[in-house]
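Here the structure is laid out as structure tokens; the discussion comes afterwards.
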Amino acid sequence: MALLNILCYPDPRLYTVAKPVVEITESITVLIENMIETMYESNGIGLAATQVDVHQRIIVIDVSEERSSPIVLINPEILWLHSERVKGDEGCLSVPNTYDGVERAIEVRVSAMDQKGKTRELHAKELFAVCVQHEMDHLEGKVFVDYLSPLKRNRIKTKMLKLQREQNR
């Protein structure tokens with residue numbers, strides 16, 4: 001397995017809408033394994049293929065305490081969103097060390113394939129529900145900072161660009 005490079009905001013590739021996975025090939029299986037390893041190594045709870053510059057509809061998530069129960073969602077679709085919403089601090093591996101309030105549905109029902117190609121429905125609550133919505137936004141070319149005010153978004157963009165310049169020295 002290999003660690004993948006995570007794109008950092010405001011990289012324009014983060015705004016690419018992902019295409020559906022047509023067939024689960026060996027390269028897709030390897031990508032999923034690498035995404036899981038990258039997510040764990042980066043101390044994340046979710047990672048979308050878009051974040052590693054692969055524009056296919058693949059998400060990996062693990063919100064378990066033990067960090068040992070990865071969930072793979074291929075071509076996920078939200079079937080239902082609870083009408084009750086909650087605002088909580090979100091972070092993102094593509095926007096390191098930045099957290100801010102985003103409003104999300106407290107529960108969702110999702111249909112997706114697993115890595116073996118079996119379609120299933122998942123009912124997600126609380127942190128799992130937030131993570132599913134966050135990662136699905138990535139597949140639609142949206143980053144959590146897009147929910148923030150223009151002022152906050154510009155401050156974060158300036159901070160991220162400065163950080164990237166410092167790392168490239």
Side-chain angles (χ1 to χ4, degrees), residues 1-78 89-100 102 104 110-120 122 124 127-147 153 156-157 159-169:
M1 291 195 284
L3 292 178
L4 303 169
N5 183 45
I6 298 172
L7 300 176
C8 282
Y9 178 80
D11 193 307
R13 294 172 290 181
L14 288 168
Y15 291 94
T16 304
V17 176
K19 296 189 179 346
V21 173
V22 178
E23 180 183 1
I24 300 174
T25 60
E26 184 178 336
S27 64
I28 293 289
T29 302
V30 169
L31 171 65
I32 290 166
E33 291 170 3
N34 291 339
M35 285 175 63
I36 291 169
E37 182 180 358
T38 301
M39 174 183 67
Y40 287 146
E41 187 66 28
S42 304
N43 293 315
I45 60 171
L47 186 67
T50 301
Q51 293 177 270
V52 294
D53 201 20
V54 176
H55 303 287
Q56 296 207 25
R57 298 186 71 79
I58 303 169
I59 294 169
V60 297
I61 294 173
D62 189 347
V63 294
S64 69
E65 294 264 336
E66 307 79 27
R67 313 281 294 134
S68 60
S69 303
I71 295 169
V72 176
L73 302 175
I74 300 171
N75 298 336
E77 292 180 42
I78 292 181
D89 271 356
E90 282 188 29
C92 181
L93 294 176
S94 292
V95 193
N97 304 314
T98 303
Y99 302 88
D100 212 315
V102 177
R104 304 275 188 189
V110 179
S111 173
M113 286 190 299
D114 63 17
Q115 62 266 46
K116 293 183 170 54
K118 184 177 181 208
T119 300
R120 60 188 182 151
L122 295 167
L127 180 59
F128 185 29
V130 168
C131 191
V132 166
Q133 293 168 82
H134 176 107
E135 298 308 331
M136 286 189 68
D137 275 352
H138 280 298
L139 300 181
E140 296 301 323
K142 192 167 190 173
V143 182
F144 91 96
V145 297
D146 296 332
Y147 290 99
R153 200 168 39 249
I156 292 168
K157 183 177 181 179
K159 175 179 135 184
M160 295 304 300
L161 290 171
K162 181 180 177 192
L163 185 66
Q164 289 168 24
R165 279 192 304 272
E166 289 171 358
Q167 290 174 344
N168 291 333
R169 284 187 190 165

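Keep in mind that the numbers below use all heavy atoms, side chains included, and drop hydrogens, waters and symmetry copies.
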- prompt: What distance separates Ile58 CD1 from Ile28 CD1, expressed to the nearest 0.5 Å?
  reply: 4.0 Å

- request: Please report the shortest heavy-atom distance between Leu93 and Ile6, naming the atom on each side.
  value: O-CG2, 3.8 Å

task: Decide, yes or no, whether a salt bridge links Lys116 with Asp114 under the criterion of side-chain N to carboxylate O below 4.0 Å.
output: no

- request: Check whether more than 12 heavy atoms from other residues, nucleotides or ligands sit under 6.0 Å from atom CD of Glu66, and answer yes or no.
  value: yes

query: Does the pair Glu140 and Arg57 meet the rule for a salt bridge (Lys or Arg N to Asp or Glu O under 4.0 Å), with working shown?
result: CA-CA 9 Å; Glu140 296 301 323; Arg57 298 186 71 79; 3.0 Å; yes

message: Using a 3.5 Å distance criterion without hydrogens, assess whether the side chain of Asn75 forms a donor-acceptor pair with backbone atoms of Pro20.
response: no

statement: Distance col, row Ile32:CD1 vs Met35:CE, nearest 0.5 angstrom, shows 7.5 Å

field: pair Leu7-Gln51: side-chain heavy atoms closer than 4.5 Å
entry: no

- prompt: Can you tell me how far the CD1 atom of Ile61 sits from the CD1 atom of Ile45, to the nearest 0.5 Å?
  reply: 8.0 Å

message: How close do Asn97 and Lys159 get, counting heavy atoms only, and between which atoms?
response: O-NZ, 3.3 Å

query: Yes or no on side chain to side chain contact (heavy atoms under 4.5 Å, CB included) for Val72 and Ile36, after CA distance, side-chain angles and deciding distance?
result: CA-CA 9 Å; Val72 176; Ile36 291 169; 4.2 Å; yes

message: Using the rule given for side chain to side chain contact (heavy atoms under 4.5 Å, CB included), can you reason through His134 versus His138, listing the C-alpha separation, both sets of side-chain angles and the distance that settles it, and then say yes or no?
response: CA-CA 7 Å; His134 176 107; His138 280 298; 3.4 Å; yes

message: Measuring only between side-chain heavy atoms, which start at C-beta, is Phe144 closer than 4.5 Å to Asp137?
response: no

- prompt: Between atom CE of Met113 and atom CG of Leu73, what is the distance when rounded to the nearest 0.5 Å?
  reply: 11.0 Å

field: Minimum side-chain heavy-atom gap Leu3-Glu37 below 4.5 Å
entry: yes

task: List the atom of Ser64, the atom of Ser69, and the distance in Å for their closest heavy-atom pair.
output: OG-N, 3.6 Å

message: For a 4.5 angstrom cut-off between non-hydrogen side-chain atoms, does Met136 reach Gln133?
response: no

- line: Rounded to the nearest 0.5 angstrom, the CZ-CD distance for Arg67 and Glu65 is 10.5 Å

- request: Take Leu4 and Leu31 through the side chain to side chain contact (heavy atoms under 4.5 Å, CB included) test and state the conclusion after the steps.
  value: CA-CA 9 Å; Leu4 303 169; Leu31 171 65; 4.0 Å; yes

field: Main-chain N/O of Glu77 paired with Ser111 side-chain donor or acceptor, under 3.5 Å
entry: no

task: Take Asn5 and Asp53 through the test side chain to side chain contact (heavy atoms under 4.5 Å, CB included) and record every step on the way to the result.
output: CA-CA 8 Å; Asn5 183 45; Asp53 201 20; over 6 Å; no

message: Please tell me whether Asp146 and Tyr15 have a donor and an acceptor in their side chains that are separated by less than 3.5 angstrom.
response: yes

message: Any non-hydrogen side-chain atom of Thr98 less than 4.5 Å from a side-chain atom of Cys92?
response: no

message: Can you give me the closest heavy-atom contact between Thr16 and Thr50, atom names plus distance?
response: O-CG2, 3.9 Å

field: Sub-4.5 Å side-chain heavy-atom contact between Val52 and Asn34
entry: no

query: Which heavy-atom pair separates Gln115 from Ile24 by the least distance, and what is that distance?
result: O-CG2, 3.4 Å

Tell me which donor-acceptor pairs under 3.5 Å the side chains of residues 160-169 have, and how far apart each pair is, sequence neighbours excluded?
from   : atom 1 : to     : atom 2 : distance (Å)
Gln164 : NE2    : Tyr9   : O      : 3.0
Asn168 : ND2    : Gln164 : O      : 3.1

- prompt: Looking only at heavy atoms, which two atoms of Val110 and Pro76 are closest? And how far apart?
  reply: CG1-CB, 4.0 Å

